[in-house]
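Data first, discussion second: the structure below is written as structure tokens.
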Amino acid sequence: MGKGFYIRKELAVTCVVAAVAAVAVIIALSVVYAQEKSKNEVTLPFTAGPDATSTFSPTPSTPKEPWMHFRLPDSLAPVSYNVTLWPRLEPIADNLYVFSGHSTVVIRCVRETDLILIHSNKLNLTTFEGHHAKLNGLNGATAPTLTKTWLEIPTQYLVIQLSSPLWAGNMYELFTQFTGELSDDLGGFYRSEYMEDGVKKVIATTQMQPTDARKAFPCFDEPAMKAAQNTLIAPLIFIYNNPLRSHTDPVNITMAGQDLIQTSFQPTKIMSTYLLAFVVCDFTYIGTQPVLFSVQVRIWARRKAIEEGQGNYALEKTGPILKFFENYYNSSYPLKKSDQIAIPDFSAGAMENWGLITYRETALLYNPAMSSNGDKEWVVTVISHELAHMWFGNLVTMKWWNDLWLNEGFATYVSYLGANFAEPTWNMKELIVLNEIIGVMAVDALASSHPLSSNEKDIMRPDLITELFDSITYSKSMTTAICLQTYLEEFKYKNTVYTDLWKHLQMAVDKAGIPLPRPVEVIMNRWILQMGFPVVTINTQTGKITQKHFLLDPDSVVDTPSEFNYEWFVPVTWIKNGGAEQQYWLLEKEATNEDMILNTTGWLLANIDMKGFYRVNYDSENWERLLANSLFTFQAIPVINRAQIIDDTFNLAKAKMVNITLALRTTKFLSKEVEYMPWQIARNNLEYFFLMFDRSEVYGPMQAYTKKQVTPLFNHFKEITLNWTKNPEKHTDQYNQVNAVSLACSAGVEGCKELTTNWFKEWMKNPANNNITPNLKSTVYCNAIAAGGVQEWDFAWSMFKNATVASEAEKLMFALSCTKQPWLLNRYLRYSLDPEKIRKQDATSTITYIANNPIGQPLAWDFVRANWAHIFNNYGGGSFSFGRLIGGVTKRFSTEFEYKQLLQFKEDNAGQLGSASMALERALESTMANINWVAMNKEPVLEWFTSEASSPVS
């Protein structure tokens, strides 16, 4: 039988609806760089050769020499690497750790060239007869001599000029020898440290994505330059992408008078350099037996963590999730093993290295006695996300970083499917809306947002590539990539662009005979090639439907042009009066659908279960009927849409499309609500009010209203947990219990403060016996430290430093920021930049936690400004999220004075912003929007809260 692709019509419909109508779910972690392209065009020094000096402006002028381009030429292609590395896990002097090694890369000449460009960054290369490399011909080819070599610092190349050309079709071998610093910057080949039984342990590990493999060894460090990799050396346990070369490995050797262990590995599959991983450590593991399973699964971590069973949950879930994805993709897992390892110092949540996935400890390790429900969900969703990449991203890889959303968006979407399979009672698929869609909408509604996909030429420099890893890339792109079995089969071990995806989705549509108003590519291009999303306005009196680009600040200027004029093809789903769901394609700026006209008593609800990436507005009559229905018989509205009504109205109010009191009225039914999603959405939106008004006279009435609304919820959970003696049974109820206690304590609900402080005091009396339920630990710790003083803070600090479970340490790290004592907050800020006290990976979180505290916010802003040079120079690598830092310390800004401070900060640090420049522009935009919002809404908000706080519960 010939090869073919067969798909059930209902599955194809699901694919198209999910890929088109739910564009919301695939678009979450891209980057906001489009508008920043011109702002990041800086003049950099570069060395044209050993003797020359000049300046190099990568844009807008076209570079004259090939080594001045940030992209490799297409004249050479790597075939394989043979790399040997020797990391020193003891300092050689003044706490300096180094590694040495050599690399042989086999190169195929694609077209004639007398120049070799290969990436190398922060490596000291050994010279041979005055040159940084050796070149040999293979299979009878003659290698030309080297005439000149140098390191091109701005573009991170080793440049090799040749006496005569390499010929197309010939194979060559390039040898380099090098040393580098095994630093603690969390990028490339780096050092991580931890304490075990009072002894400091050092490991050597990697984080190559996106452009740091070149810090480990010279390589062709672009996604499309796929090659096989093999052979490494190490003094301890060595873990690599692939299994050992033979049963005789590792072997003992002596090098430079030292006894070492040499470990050789099988060559990897053809893969991109950013997926390479190796770890030298004294860890241990738990795993499956390879004779019983086709794929060997192992969970690696600190010895004590494994002995305490912290890896058991990950091991339990990895196998089933792998099997789920094999069925989902209709493609076997392409490797023989799946190692997963928890690294004490790790900048991201995890990294999908093929066959050796690296994790932050909180994303892989779980202790049932110490970790919360949220910790458990985080572990299973991150594992699922990374395993999804084994096919989508690793087997098939984007050609260049402008299509990063192909990798991250799809993995984000299917991570929920894998997690839902592993934990079927959690209903994870519904949480996509809360965790991904709504959050990214807030960013994508700014004029400084960016499209999902961009031109390759716009994303060249490493700092711009790094900026792509944001919430728009990960979440917004999630709804597009479904129905991809033929796609994976055609492009395995290859690289793709997004149009390849549309071609295969169109094949599924055509096979099933599904009518679409436009071809898949035409529909989808409007969602990925222009930033933002529409607000769809439905007039239920006339049936008129319109769309416009939704902006939180309607007065902001959109200077990013769109060939589609910011119009979308929108699949509008809707119900009338709780009836059957219907769908309508909005293909123009405005249209009329008479089926949407209501009688005098009916109501209409659109974007059912938020499967579409758009907001909805209605005529005032329909809003009034929806609110009346929400208040008295809200069960007729699906729970996701109860959350949607809140989120849409609050954001429409920010955009000046509805009155602010309409948004506030959507929270009145919360006194009867016990479901998690509406409460969490309300809390997220009201948090903005607290940020804007917690330093003003609005705060008191706002707190009083919150107390009135949350008291029934607090009492509800007190009842179903038998006076806080057991956990709620439902997954989302466990989350909402946290909302109930946290909001009740902050609003002053009777009995809440006493409850949390007493639990904490009991723990202080007996530190070895913590009886606080893990789900409530963050809330209890925070409230007790806020109510206490230095004694509570010092106790929590001591427990933080001695914590052996990463998730417990993270909760304490957050809670320490809750104190109301300014001197303790200042001390904590100082600690944040001391790696002996706070790991570099946690520096951003610590400072932003402090800034979340209204007392700590001005302290954190002053601290960041005073220490920016140190932060930029010492935390500027993979360890620091500058975007999160700038956003965190400025999110309360709402005055002209604060806006001027931001402008001054931008001016003072013009040459030291790097990847923070985009975040700074967003902060300026948000601050101006906040200024205008407060000026417009302060009085009506104060009046509304004052009135509602004193009225009886509805």
Side-chain angles (χ1 to χ4, degrees), residues 10-11 14 17-18 21-22 24-26 28 313-314 316-318 320-321 323-325 327-328 363 366 368 371-385 387-388 410-440 474-475 478-479 482 573 575 578 581 605 607-613 634-647 670 673-684 713 716-717 720-721 726-740 774-775:
E10 62 267 29
L11 177 58
T14 302
V17 171
V25 186
I26 293 183
Y313 181 69
E316 175 191 337
K317 297 302 177 184
T318 296
I321 293 173
K323 183 58 66 176
F324 169 82
F325 284 135
N327 294 331
Y328 183 80
Y366 172 76
S371 305
S372 69
N373 189 45
D375 298 328
K376 192 175 188 179
E377 182 187 310
W378 179 240
V379 168
V380 76
T381 52
V382 175
I383 289 174
S384 187
H385 181 103
L387 292 178
F410 184 73
T412 301
Y413 172 72
V414 299
S415 69
Y416 283 88
L417 304 185
N420 193 66
F421 178 81
E423 295 286 1
T425 64
W426 289 2
N427 203 13
M428 288 295 299
K429 288 186 283 188
E430 284 192 4
L431 290 176
I432 290 174
V433 171
L434 181 62
N435 296 345
E436 307 296 340
I437 298 175
I438 285 174
V440 76
Y474 280 77
S475 300
M478 191 173 55
T479 45
I482 305 174
T573 55
I575 59 175
E581 181 178 330
L605 181 69
N607 197 8
I608 305 307
D609 289 332
M610 288 195 72
K611 287 178 288 198
F613 196 66
F634 61 85
Q635 290 87 352
I637 296 177
V639 63
I640 293 178
N641 288 102
R642 300 206 295 271
Q644 174 217 5
I645 287 171
I646 297 173
D647 199 62
L670 290 175
E673 180 67 85
V674 296
E675 291 292 338
Y676 168 62
M677 288 186 67
W679 266 105
Q680 188 60 46
I681 292 298
R683 186 176 184 183
N684 292 347
L713 186 70
H716 166 75
F717 280 104
I720 69 170
T721 61
K726 68 169 201 166
N727 286 328
E729 293 182 4
K730 197 164 76 170
H731 183 64
T732 51
D733 279 352
Q734 293 183 43
Y735 285 147
N736 213 26
Q737 180 192 22
V738 176
N739 278 334
N775 289 342

Show, in sequence, the C-alpha distance, side-chain angles and deciding distance for L605 and I645, and conclude whether the side-chain contact (heavy atoms from CB on, under 4.5 Å) test is met.
CA-CA 9 Å; L605 181 69; I645 287 171; 4.2 Å; yes
Could you tell me if the side chain of [Y] sits less than 4.5 Å from the side chain of [X], heavy atoms only?
| X | Y | result |
| --- | --- | --- |
| V414 | H385 | no |
| S384 | F325 | yes |
| F421 | P320 | yes |
| N435 | E377 | yes |
| T732 | L431 | yes |

Donor-acceptor pair, N420 side chain versus M428 backbone, under 3.5 Å?
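Yes, the answer is positive, given that a donor and an acceptor are paired below the 3.5 Å cut-off.
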Under 3.5 Å donor-acceptor, S415 side chain and T412 backbone
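Judged by distance alone, yes, a pair lies under 3.5 Å.
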Shortest non-hydrogen contact between [X] and [Y], atoms and distance:
| X | Y | result |
| --- | --- | --- |
| N641 | N607 | ND2-O, 3.0 Å |
| E673 | W679 | O-NE1, 2.9 Å |
| S372 | P774 | CB-O, 3.4 Å |
| D609 | P638 | OD1-CB, 3.8 Å |
| Q737 | T721 | NE2-CG2, 3.7 Å |
| V674 | D733 | O-OD1, 4.3 Å |

Is there a donor-acceptor contact under 3.5 Å linking the side chains of [X] and [Y]?
| X | Y | result |
| --- | --- | --- |
| N736 | N739 | yes |
| N775 | Q734 | yes |
| Q680 | N684 | yes |

Separation of [Y] [atom2] from [X] [atom1] (nearest 0.5 Å):
| X | Y | atom1 | atom2 | result |
| --- | --- | --- | --- | --- |
| K730 | Y735 | NZ | OH | 13.5 Å |
| K611 | I432 | NZ | CD1 | 12.5 Å |
| I640 | I437 | CD1 | CD1 | 8.5 Å |

Give me the ring orientation class for W426 and H731: parallel if the planes are under 30° apart, tilted from 30 to 60°, perpendicular past 60°.
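If you compare the ring of W426 with that of H731, the planes turn out parallel.
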Salt-bridged, E675 to R642, with N to O below 4.0 Å?
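So E675 does not pair with R642 through a salt bridge.
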